[in-house]
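Report on the following structure.
Just so it is clear, the structure is predicted and the values come from calculations on it, not from any experiment. These numbers come from the heavy atoms of this one structure, side chains and all, not from hydrogens, waters or symmetry mates.
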Amino acid sequence: MCRNIKTLFNFEPPATHDEIRDAALQFVRKLSGTTKPSKKNEEAFNRAVDKIGEAAHELLHSMETHQHPRNREEEAAKAKARSALRFANA
C-alpha cells in the first residue's frame with residue numbers, strides 16, 4: 001500500500017474533494033510507476049486519476065459506521081508519535 005495514501009473514512013470533518021483526489025493521484029502514480037507521465041500518456045493518466053477519484057468519493061460517501069468520527073488532530077498526533085518511535089530506532 002502507498003504510504004502517502006491516508007485513511008479518509010469516518011473523520012470529522014469529512015474528507016474533502018482535494019484529499020480524495022490526492023489519494024487517487026498517489027494510487028495512479030504507484031500503479032503506473034511514474035509521478036509525471038509523458039505527454040503521450042498524460043491524458044490516460046489524468047483520466048485514471050479522475051475515475052479513481054470518483055469511485056473513492058462514491059465509496060466514502062456510501063459507507064456507514066456506528067463508530068464515532070475520528071478527530072484529525074488526534075490521529076495526526078498518533079501518527080507523529082509512531083513515526084518518532086519508528087525513526088528513533090533506525
Side-chain angles (χ1 to χ4, degrees):
M1 178 98 176
C2 298
R3 289 184 183 168
N4 293 336
I5 297 178
K6 308 288 186 243
T7 300
L8 298 177
F9 177 64
N10 197 29
F11 276 100
E12 191 57 48
T16 65
H17 175 76
D18 288 341
E19 289 173 314
I20 295 170
R21 179 159 173 68
D22 288 346
L25 176 61
Q26 286 290 34
F27 184 72
V28 172
R29 284 176 172 171
K30 184 69 170 187
L31 286 177
S32 67
T34 184
T35 57
K36 186 169 174 24
S38 66
K39 287 287 184 190
K40 188 174 185 177
N41 294 325
E42 190 172 26
E43 184 180 333
F45 186 93
N46 291 333
R47 189 171 50 247
V49 171
D50 291 342
K51 286 183 178 184
I52 290 169
E54 289 170 12
H57 188 282
E58 182 182 329
L59 171 68
L60 292 173
H61 288 85
S62 64
M63 291 176 65
E64 298 179 13
T65 184
H66 296 292
Q67 299 294 322
H68 293 289
R70 292 176 280 183
N71 180 288
R72 290 179 185 273
E73 289 78 27
E74 289 175 11
E75 294 299 319
K78 289 179 196 177
K80 190 173 184 178
R82 284 191 306 268
S83 179
L85 277 175
R86 179 175 170 217
F87 292 109
N89 296 328

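- Side-chain contact between Glu75 and Thr7 is absent, with no heavy-atom pair separated by less than 4.5 Å.
- Considering CZ of Arg29 and NZ of Lys36, their distance stands at 10.0 Å, rounded to 0.5 Å.
- Between Ala56 and Ile20, the shortest heavy-atom contact is CB-CG2, 3.8 Å.
- With rounding to the nearest 0.5 angstrom, the CD atom of Glu19 is 4.0 Å from the CZ atom of Arg72.
- Between the CG atom in Leu60 and the CG atom in Leu8 there is a gap of 5.5 Å [rounded to 0.5 Å].
- Between Arg21 and Thr16, every side-chain heavy-atom pair lies at or beyond the 4.5 Å cut-off.
- The shortest non-hydrogen separation linking Phe45 to Thr34 is CE1-O, 3.9 Å.
- Here Leu31 contributes atom CG and Gln26 contributes atom CD; the two are 11.5 Å apart, rounded to the nearest 0.5 Å.
- Between the CD atom in Glu64 and the NE2 atom in His61 there is a gap of 13.0 Å [rounded to 0.5 Å].
- Between Glu54 and Lys51, no side-chain nitrogen of the basic residue sits less than 4.0 Å from a carboxylate oxygen of the acidic one, so the salt-bridge criterion is not met.
- Of the possible polar contacts, none joining the Asn71 side chain to the Glu12 backbone as a donor-acceptor pair under 3.5 Å is found.
- Around the CD atom of Glu58, the shell of radius 6.0 Å holds no more than 12 heavy atoms that belong to other residues, nucleotides or ligands.
- The CG atom of Asp50 sits 10.5 Å away from the CG atom of Leu25 when rounded to the nearest 0.5 Å.
- Closest heavy-atom contact between Ala24 and Val49: CB-O, 3.6 Å.
- Under the 4.0 Å criterion applied to side-chain N and carboxylate O atoms, Glu43 and Arg47 are assigned as salt-bridge partners.
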